[in-house]
Amino acid sequence: YKDLEAILVDDGSTDNSGQICDKYAAEDIRCKVFHTENGGLSAARNYGLAQATGDFIAFVDGDDFVHPQIYEFLYSALDENPNADFSFCQFLSFHAGDILTQQHFQYSTVSKQEISKSQMVCRMFGSWKDDSTVYIVAWNKLYRRRFLQNLHFEECPISEDLIFNTAVSIRMSQAILVDAPLYYYVQRTGSIIHQGITKKYIDKIDVYDRCYNLLNTESPEL
């Protein structure tokens, strides 16, 4: 799937990331670059969301990468299921030094699963046999633009995806899980998630409390 609008938000970088973004934009008209003051992940995503003009929205974190077929598959799943609000895929954790052998997938043979609102919430909050990460994160999903109307990422120090997709779950009707690892989640020593127990883990308690209150207010049946 090549009909892409790639919005590159240079979030106040202090290395040569901005120049790399400009280089891509000069070589490919699908790339649009915006240089902003550093505001963090949520601010960068919200800025990109405001600039987007397409009918579908996806997010890719700056240190991750994706399989070439990711949006072919996620778009096809939504095209086949007009009542689904978003589609999402499995992911692989990728560590420094890992050697990646990239597999080519056939869409027709990859299993797809309909996910209801209640299933989404239960699996996000751990009442499920598998890792809840695939349900919580924003970066493995393709959302219909109209479905995200008036939604934004809260600028909190941790777990911004959890708050966002809790709000998503409240308003969703159905989603499609594409059972193929099409997103590569890069694990870096020294990144936020690998810094051990910090104050941000205390902030995470507050995030879960806010999610609970949001669900309890908007969808008490969940």
Side-chain angles (χ1 to χ4, degrees), residues 1 41-42 45 49 52 54-61 64 66-94 103 105-154 158-185 193 204 207-208 210-222:
Y1 188 85
L41 175 63
S42 292
R45 285 175 172 174
L49 186 57
D55 293 328
F56 302 89
I57 300 290
F59 303 96
V60 179
D61 285 358
D64 297 337
V66 299
H67 191 286
Q69 293 177 282
I70 184 171
Y71 298 122
E72 172 195 348
F73 282 25
L74 295 182
Y75 172 78
S76 295
L78 291 179
D79 192 45
E80 291 179 356
N81 297 273
N83 293 325
D85 300 302
F86 61 94
S87 56
F88 60 118
C89 62
Q90 302 288 355
F91 68 93
L92 288 176
S93 290
F94 192 82
Q103 180 182 356
F105 297 97
Q106 293 293 332
Y107 180 77
S108 60
T109 62
V110 170
S111 66
K112 275 76 72 175
Q113 181 183 356
E114 294 182 3
I115 304 295
S116 68
K117 175 189 292 192
S118 60
Q119 287 173 321
M120 186 73 181
V121 171
C122 286
R123 296 178 187 187
M124 282 176 61
F125 290 95
S127 180
W128 180 241
K129 62 183 179 180
D130 297 327
D131 186 359
S132 61
T133 303
V134 70
Y135 301 94
I136 291 173
V137 295
W139 37 250
N140 65 338
K141 296 176 175 63
L142 183 66
Y143 303 92
R144 295 189 190 276
R145 180 184 175 84
R146 65 175 185 268
F147 173 72
L148 295 186
Q149 191 73 27
N150 300 322
L151 281 182
H152 66 278
F153 289 89
E154 292 195 27
I158 197 169
S159 297
E160 57 281 299
D161 285 19
L162 181 63
I163 299 178
F164 181 79
N165 278 319
T166 298
V168 161
S169 298
I170 287 169
R171 64 165 64 178
M172 70 178 279
S173 298
Q174 181 190 88
I176 305 297
L177 174 60
V178 177
D179 194 19
L182 301 173
Y183 189 98
Y184 301 102
Y185 179 34
I193 200 168
K204 195 168 187 176
V207 168
Y208 272 83
R210 290 160 65 189
C211 290
Y212 172 80
N213 289 327
L214 182 62
L215 285 165
N216 199 35
T217 300
E218 301 293 337
S219 291
E221 74 280 3
L222 296 174

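We're numbering straight along the sequence, starting at 1. Values reported hereafter were calculated over all heavy atoms of this structure, with side chains retained and with hydrogens, waters and symmetry mates removed.
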Chemist: Does atom CG of Asn216 have more than 12 heavy-atom neighbours from other groups under 6.0 Å away?
Modeler: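 Counting other residues, nucleotides and ligands, CG of Asn216 exceeds 12 neighbours.
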Chemist: Examine distances only and state if a side-chain atom of Ser219 and a backbone atom of Leu222 form a donor-acceptor pair shorter than 3.5 Å.
Modeler: no
Chemist: To check you understand the geometry: which heavy-atom pair defines the closest contact between Ala77 and Val178, and what is its length?
Modeler: CB-CG2, 3.9 Å
Chemist: Trp139 pairs by ring-ring contact (aromatic ring centres under 6.0 Å, His included) with which of Tyr185, Phe153, Tyr184, Phe164?
Modeler: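 Only match with Trp139 under ring-ring contact (aromatic ring centres under 6.0 Å, His included): Tyr185.
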Chemist: Measure the shortest side-chain to side-chain distance between Arg171 and Leu151 over non-hydrogen atoms and say whether it is less than 4.5 angstrom.
Modeler: yes
Chemist: Looking at every non-hydrogen atom in both residues, tell me the closest pair between Ile163 and Val207 and how far apart they are.
Modeler: CG1-CG1, 3.5 Å
Chemist: Measure the CD-OG distance between Gln113 and Ser87 for me, rounded to the nearest 0.5 Å.
Modeler: 13.5 Å
Chemist: Please report the interatomic distance CG(Leu142) to CD1(Ile57), rounded to the nearest 0.5 Å.
Modeler: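 Reported value, rounded in 0.5 Å steps: 8.5 Å.
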Chemist: Is there side-chain contact between Ser76 and Tyr1, with at least one heavy-atom pair below 4.5 Å?
Modeler: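 In short, these two side chains do not touch, never coming nearer than 4.5 Å.
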Chemist: I'd like to know if the side chain of Thr109 and the backbone of Gln106 have a donor-acceptor N/O pair within less than 3.5 Å.
Modeler: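 Yes, the answer is positive, given that a donor and an acceptor are paired below the 3.5 Å cut-off.
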Chemist: Looking at Lys117 and Ile170, would you say the former's side chain and the latter's main chain have a donor-acceptor pair under 3.5 Å?
Modeler: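 Side chain of Lys117 to backbone of Ile170: a pair is present.
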Chemist: Can you list the residues that meet the side-chain hydrogen bond (donor to acceptor under 3.5 Å, both in side chains) rule with Asp61, with sequence neighbours excluded?
Modeler: Arg45
Chemist: State, with a plain yes or no, whether a side-chain heavy atom of Thr166 is found less than 4.5 Å away from one of Phe125.
Modeler: yes
Chemist: Please check if any side-chain donor atom of Gln174 sits under 3.5 Å from a side-chain acceptor atom of Asn81, or the reverse.
Modeler: no
Chemist: Quick one: does any side-chain atom of Asn140 pair with a main-chain N or O of Val134 as donor and acceptor, under 3.5 Å?
Modeler: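 Yes, Asn140 side chain to Val134 backbone: donor-acceptor pair under 3.5 Å.
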Chemist: Provide the closest heavy-atom pair for Phe86 versus Met120 in the form atom of the first, atom of the second, distance.
Modeler: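 Smallest heavy-atom distance, with atoms named: CZ-CE, 3.8 Å.
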Chemist: Centroid separation under 6.0 Å, is that true for the rings of Tyr135 and Phe88?
Modeler: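 When the ring centroids of Phe88 and Tyr135 are compared, they turn out to be within the sub-6.0 Å range.
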Chemist: With Glu80, which residues qualify under side-chain hydrogen bond (donor to acceptor under 3.5 Å, both in side chains), at least two apart?
Modeler: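 Here the qualifying residues are Tyr107.
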Chemist: Flag the pair Tyr143 / Phe56 as yes when their ring centroid distance falls below 6.0 Å, and as no otherwise.
Modeler: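 No, the ring centres sit 6.0 Å or more apart.
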Chemist: Any side-chain heavy-atom pair from Asp64 and Phe91 closer than 4.5 angstrom?
Modeler: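 Not in contact.
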Chemist: Are any of the side-chain heavy atoms of Leu162 and Tyr208 separated by less than 4.5 Å?
Modeler: yes
Chemist: In Å and rounded to the nearest 0.5 Å, what is the NZ to CG distance from Lys141 to Asp85?
Modeler: 13.0 Å
Chemist: For Ala52 versus Arg145, what's the shortest heavy-atom pair and its separation?
Modeler: O-NH1, 2.9 Å
Chemist: Compare all side-chain heavy atoms of Pro181 with those of Phe105 and state whether any distance is below 4.5 angstrom.
Modeler: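 When only atoms from C-beta onward are counted, Phe105 and Pro181 do touch, with a gap below 4.5 Å.
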Chemist: Going through the distances and angles, do Tyr183 and Gln90 end up as a side chain to side chain contact (heavy atoms under 4.5 Å, CB included)?
Modeler: CA-CA 7 Å; Tyr183 189 98; Gln90 302 288 355; over 6 Å; no
Chemist: Report yes if some heavy atom in the side chain of Asp161 is under 4.5 Å from a heavy atom in the side chain of Phe59; otherwise report no.
Modeler: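 They are not in side-chain contact.
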Chemist: Please check if atom OH in Tyr212 has more than 12 non-hydrogen atoms from other residues, nucleotides or ligands closer than 6.0 Å.
Modeler: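 Incorrect, the count does not exceed 12.
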Chemist: Only counting residues at least two apart or in another chain, list the ones meeting side-chain hydrogen bond (donor to acceptor under 3.5 Å, both in side chains) with Glu160.
Modeler: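 Not a single residue meets the side-chain hydrogen bond (donor to acceptor under 3.5 Å, both in side chains) criterion with Glu160.
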Chemist: What are the two closest non-hydrogen atoms of Ala84 and Arg144, and how far apart are they?
Modeler: O-NE, 2.6 Å
Chemist: Taking all non-hydrogen atoms of both residues, which atom of Asn165 and which atom of Ile136 are closest, and how far apart?
Modeler: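 Shortest heavy-atom contact: ND2-O, 2.6 Å.
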Chemist: Taking the side chain as C-beta and beyond, is there a heavy-atom pair between Leu177 and Cys89 under 4.5 Å?
Modeler: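 Leu177 does not reach Cys89 side chain to side chain.
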Chemist: Once you round to the nearest 0.5 Å, how far does CD of Gln69 lie from CG of Leu74?
Modeler: 11.0 Å
Chemist: Please check if the distance between the ring centroids of His67 and Phe73 is under 6.0 Å.
Modeler: no
Chemist: What's the separation between atom OG in Ser169 and atom CG in Leu215, rounded to the nearest 0.5 Å?
Modeler: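 It comes to 7.5 Å.
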Chemist: Measure the spacing between CG of Asp79 and CD1 of Ile176 and express it to the nearest 0.5 Å.
Modeler: 12.0 Å
